[in-house]
Amino acid sequence: MAKRDGRLLRWDIYETHLDEAAFRWSQWEQSLDAPDFTLTDVAELEEQLTAHLDGLVLGGAPVAQRLLEPALTSEDPERIVAAALALLGSAGPAGPSALLASLPEAEEAVLTSLQRAFELHCPPDLGAGLSSLLKQGDTRPELQALALDTLGAHRLADAPLCQPFVAHPNPAVAAAALRAASHSGVPIEPTAIQRALESSAPRLRDAAIVAGLRAGHRSAWAACQAAAEPQGRGGRLPLLALALNGDERDMKVLLGLLSVEPRRPDVLWALGFSGRLAAAEACLEWMRDTSTAPLAGEAFSAITGLRLEGPFVRPPEEAEAEEPAPMEDEDLDADLKPKPEDALPIPDAAQVAAWWKENRPRFDAKQRYLAGQPLTPQTLLEALTVAPMRRRHALALELAFRSRGAIHVPTRRWVSTQLQAWTEARSAPASSYSRPFAEGLRG
């Protein structure tokens, strides 16, 4: 039986730590997109997760070899992430070395889990190993994308690493290179942005939009406007960008798209970030439709500050049950996993309308609002500490766009990392992110 410091190891305890760490990881990861969690709630979950990870780290090399390294080939994604995080938290190069050694033969699903762990913690030995992978000519595209995204997440990418990959024929690799360059402040040629914007791969186009707007490229903004045409290529990100810019002309475009049924959910999501009263009133109307009521209510609340609780929501037992689809019409390939939207309350449209009638006079149609307060650089930044988790990603994106990438709060990292970035952002002058980001674009 293995010993550590002269004591016999209790394998049942370490196995429990691994099981619990996997479970707590699943909770923590889901909480990042939860509509009913705030950063404080996530911090509590994170404390429980890290306690079990610390327990695994204390087991040292015997636990790493017997439990953690074998778990890297598990069919359970949560278990893979938990094991990888524990290995990354161990002292010395052994943990990163074991992880790097597992990469060449790892299946794509395993790589996805490992990448998520690497995004949270990338010690120097891991960063150096991933950089070396990018310099090898026979590295699999999946590994190249993993390495680029990891180094970019930690702002460790430089021009020699990124630039050879921005025109890679594999869209996933090219998208990862754009993200890495953008996060690390590496200049990207306008021609590379334009080429990616024209791609038929949605993830590559979206990566180009984000990288382009962070860098102030006009072509990225033009792509968002084109995607918002009724017959445009669609996607949630371009619509969200139009809303975040906050221009009244963009508002009219978004409101017009509400008549296009397939795009309506994405439009309602975007409208909640516009801060405009016209958007709130449009959402009020769509609260009367049971299929769109939760999203419309969320957007209305985000603009006006009305908390959808108590008399403003319909009790579950009163919510209208949807008629089950005939068996022959069922989509057997549909994704049945719970979505963040499933936790949204169903608003009572009549009660919300009555509240709006009473409170509408205190709002100015020329002003943008965030949770009922005039949207200013300060309120935008402060919202990152109190807004529902699933809305924080878009708020952080607006700050990144407005500051041309100077302000970056990584909303999918450890809470401590997020708060450090947020504290640094508070020291930046408000003038650096106070104007609509579509102003002053070049190219």
K.L.:
Give a yes or no on this: more than 12 heavy atoms of other residues, nucleotides or ligands lie within 6.0 Å of atom CZ of Arg249.
P.N.:
no
K.L.:
Before giving the answer on salt bridge (Lys or Arg N to Asp or Glu O under 4.0 Å), spell out for Arg307 and Glu309 the whole-Å C-alpha distance, their side-chain angles and the decisive distance to 0.1 Å.
P.N.:
CA-CA 6 Å; Arg307 295 178 65 88; Glu309 57 189 17; 3.4 Å; yes
K.L.:
Can you see which heavy atom on Ala106 is nearest to which on Leu111, and at what distance?
P.N.:
CB-CD2, 3.7 Å
K.L.:
So, Ser301 side chain and Glu298 main chain: donor-acceptor pair closer than 3.5 Å or not?
P.N.:
no
K.L.:
Please assess Gln115 against Glu119 for the test side-chain hydrogen bond (donor to acceptor under 3.5 Å, both in side chains), listing each intermediate value before the final yes or no.
P.N.:
CA-CA 6 Å; Gln115 179 177 322; Glu119 288 170 352; 3.1 Å; yes
K.L.:
Under 4.5 Å between any side-chain heavy atoms of Phe300 and Trp355, yes or no?
P.N.:
yes
K.L.:
Taking Glu439's backbone N and O only, do any of them form a donor-acceptor pair with Trp221's side chain (distance below 3.5 Å, no angle check)?
P.N.:
no
K.L.:
A side-chain contact here means heavy atoms from C-beta on lying under 4.5 Å apart; do Leu257 and Asp266 qualify?
P.N.:
no
K.L.:
State whether Glu29 and Arg412 are salt-bridged, where the test is any N-O pair (Lys NZ or Arg NE/NH1/NH2 against Asp/Glu carboxylate O) under 4.0 Å.
P.N.:
no
K.L.:
Does CZ belonging to Arg203 count more than 12 external heavy atoms closer than 6.0 Å?
P.N.:
no
K.L.:
Report the C-alpha separation of Ile346 and Met287 in whole Å, then their side-chain angles, then the decisive distance to 0.1 Å, and conclude whether the side-chain contact (heavy atoms from CB on, under 4.5 Å) test is met.
P.N.:
CA-CA 8 Å; Ile346 300 177; Met287 282 185 223; over 6 Å; no
K.L.:
For the residue pair Ser274 and Ile303, what are the closest heavy atoms and their distance?
P.N.:
OG-CD1, 4.3 Å
K.L.:
Using only atom types and a distance under 3.5 Å, with no angle test, would you say the side chain of Asp41 pairs donor to acceptor with the backbone of Thr38?
P.N.:
yes
K.L.:
Can you tell me if Gln378 has over 12 outside heavy atoms packed within less than 6.0 Å of its CD?
P.N.:
yes
K.L.:
Does Arg360 reach the side chain of Leu277, with side-chain heavy atoms less than 4.5 Å apart?
P.N.:
yes
K.L.:
Go through the structure and list residues passing side-chain hydrogen bond (donor to acceptor under 3.5 Å, both in side chains) with Thr150, not counting sequence neighbours.
P.N.:
none
K.L.:
Please check: side-chain N/O of Asn170 versus main-chain N/O of Pro141, any donor-acceptor pairing under 3.5 Å?
P.N.:
no
K.L.:
Donor-acceptor check, side chain of Thr376 to backbone of Thr379, threshold 3.5 angstrom: yes or no?
P.N.:
yes
K.L.:
How many angstroms lie between CG in Leu213 and CG in Leu397, if you round to the nearest 0.5 Å?
P.N.:
8.0 Å
K.L.:
Does any non-hydrogen side-chain atom of Leu120 lie less than 4.5 Å from one of Leu88?
P.N.:
no
K.L.:
Run the numbers on Val313 and Gln351 for side-chain contact (heavy atoms from CB on, under 4.5 Å), then give the verdict.
P.N.:
CA-CA 8 Å; Val313 298; Gln351 293 288 347; over 6 Å; no
K.L.:
Side chains of Ser291 and Asp289: is there a donor and an acceptor less than 3.5 Å apart?
P.N.:
yes
K.L.:
Any non-hydrogen side-chain atom of Gln418 less than 4.5 Å from a side-chain atom of Val42?
P.N.:
no
K.L.:
Would the distance check show the side chain of His217 and the main-chain N or O of Ser219 forming a donor-acceptor pair, the cut-off being under 3.5 Å?
P.N.:
no
K.L.:
Main chain of Leu244, side chain of Arg368: is a donor-acceptor contact present, judged purely on distance under 3.5 Å?
P.N.:
yes
K.L.:
Within the supplied structure, the quantity of interest is the number of heavy atoms (other residues, nucleotides, ligands) at a distance under 6.0 Å from Glu261 CD; does it exceed 12?
P.N.:
no
K.L.:
Begin from the C-alpha positions of Leu146 and Leu133 and carry the test side-chain contact (heavy atoms from CB on, under 4.5 Å) through to its verdict.
P.N.:
CA-CA 10 Å; Leu146 177 149; Leu133 280 177; 5.9 Å; no
K.L.:
Could you tell me which non-hydrogen atom of Ala241 sits nearest to which non-hydrogen atom of Cys224, and how far apart they are?
P.N.:
CB-SG, 3.7 Å
K.L.:
Heavy atoms only: give me the nearest Gly235-Leu239 pair and the separation to one decimal.
P.N.:
O-CG, 3.6 Å
K.L.:
Do other residues, nucleotides or ligands put more than 12 heavy atoms under 6.0 Å from Glu108 CD?
P.N.:
no
K.L.:
Between Arg402 (side chain) and Ser432 (backbone), is there a donor-acceptor pair under 3.5 Å?
P.N.:
no
K.L.:
Parallel, tilted or perpendicular: which describes the rings of Trp269 and Phe273, with under 30° parallel and over 60° perpendicular?
P.N.:
perpendicular
K.L.:
What is the minimum heavy-atom distance between Phe437 and Arg404, and which atoms define it?
P.N.:
O-NH1, 3.2 Å
K.L.:
Would you sort out whether Arg426 and Glu382 count as a salt bridge (Lys or Arg N to Asp or Glu O under 4.0 Å), showing the intermediate values?
P.N.:
CA-CA 9 Å; Arg426 289 190 70 186; Glu382 293 299 322; 3.6 Å; yes
K.L.:
Take a 6.0 Å sphere around CD of Gln48 and say whether it holds more than 12 heavy atoms from other residues, nucleotides or ligands.
P.N.:
yes
K.L.:
Decide yes or no on side-chain hydrogen bond (donor to acceptor under 3.5 Å, both in side chains) for Arg214 and Ser182, but give the supporting numbers first.
P.N.:
CA-CA 7 Å; Arg214 283 171 61 106; Ser182 179; 2.8 Å; yes
K.L.:
Do Trp356 and Phe363 have ring centroids that are under 6.0 Å from one another?
P.N.:
yes
K.L.:
If every non-hydrogen atom of Ala211 is compared with every non-hydrogen atom of Leu178, which pair is closest and at what distance?
P.N.:
CB-O, 4.1 Å
K.L.:
Before you tell me yes or no, could you show the steps for Gln30 and Ser26 under side-chain hydrogen bond (donor to acceptor under 3.5 Å, both in side chains), namely the whole-Å CA-CA distance, both residues' side-chain angles and the distance that decides it to 0.1 Å?
P.N.:
CA-CA 6 Å; Gln30 291 176 20; Ser26 177; 3.2 Å; yes
K.L.:
Supply the atom-to-atom distance His168 NE2 to Leu148 CG, rounded to the nearest 0.5 angstrom.
P.N.:
9.0 Å
K.L.:
Determine whether Leu103 and Leu130 make a side-chain contact, defined as any pair of heavy atoms from C-beta on separated by less than 4.5 Å.
P.N.:
yes
K.L.:
First locate atom CG of Leu384, then atom OG1 of Thr411, and finally report the distance between them rounded to the nearest 0.5 Å.
P.N.:
8.0 Å
K.L.:
When rounded to the nearest 0.5 angstrom, what is the spacing between NE2 in His154 and OG in Ser184?
P.N.:
10.5 Å
K.L.:
Checking salt bridge (Lys or Arg N to Asp or Glu O under 4.0 Å) for the pair Lys366/Asp364: CA distance, chi angles, key distance, verdict?
P.N.:
CA-CA 5 Å; Lys366 296 181 180 180; Asp364 182 354; over 6 Å; no
K.L.:
Are Leu99 and Pro96 packed together at the side-chain level, in the sense that at least one heavy-atom pair is separated by less than 4.5 angstrom?
P.N.:
no
K.L.:
Hey, could you give me the CG/CZ distance between Leu85 and Phe118, rounded to the nearest 0.5 Å?
P.N.:
9.5 Å
K.L.:
Salt-bridge test for Arg179 and Asp206: reply yes if a basic N is under 4.0 Å from a carboxylate O, no otherwise.
P.N.:
no
K.L.:
Do Phe37 and Leu32 touch side chain to side chain, with heavy atoms closer than 4.5 Å?
P.N.:
no
K.L.:
When rounded to the nearest 0.5 angstrom, what is the spacing between CH2 in Trp25 and CD in Glu46?
P.N.:
9.5 Å
K.L.:
Closer than 3.5 angstrom, by distance alone: can the side chain of Asp342 be matched with the main-chain N or O of Lys339 as a donor-acceptor pair?
P.N.:
yes
K.L.:
Go through the steps to decide whether Trp286 and Arg264 satisfy the test side-chain contact (heavy atoms from CB on, under 4.5 Å), and finish with yes or no.
P.N.:
CA-CA 10 Å; Trp286 286 104; Arg264 194 172 298 144; 3.3 Å; yes
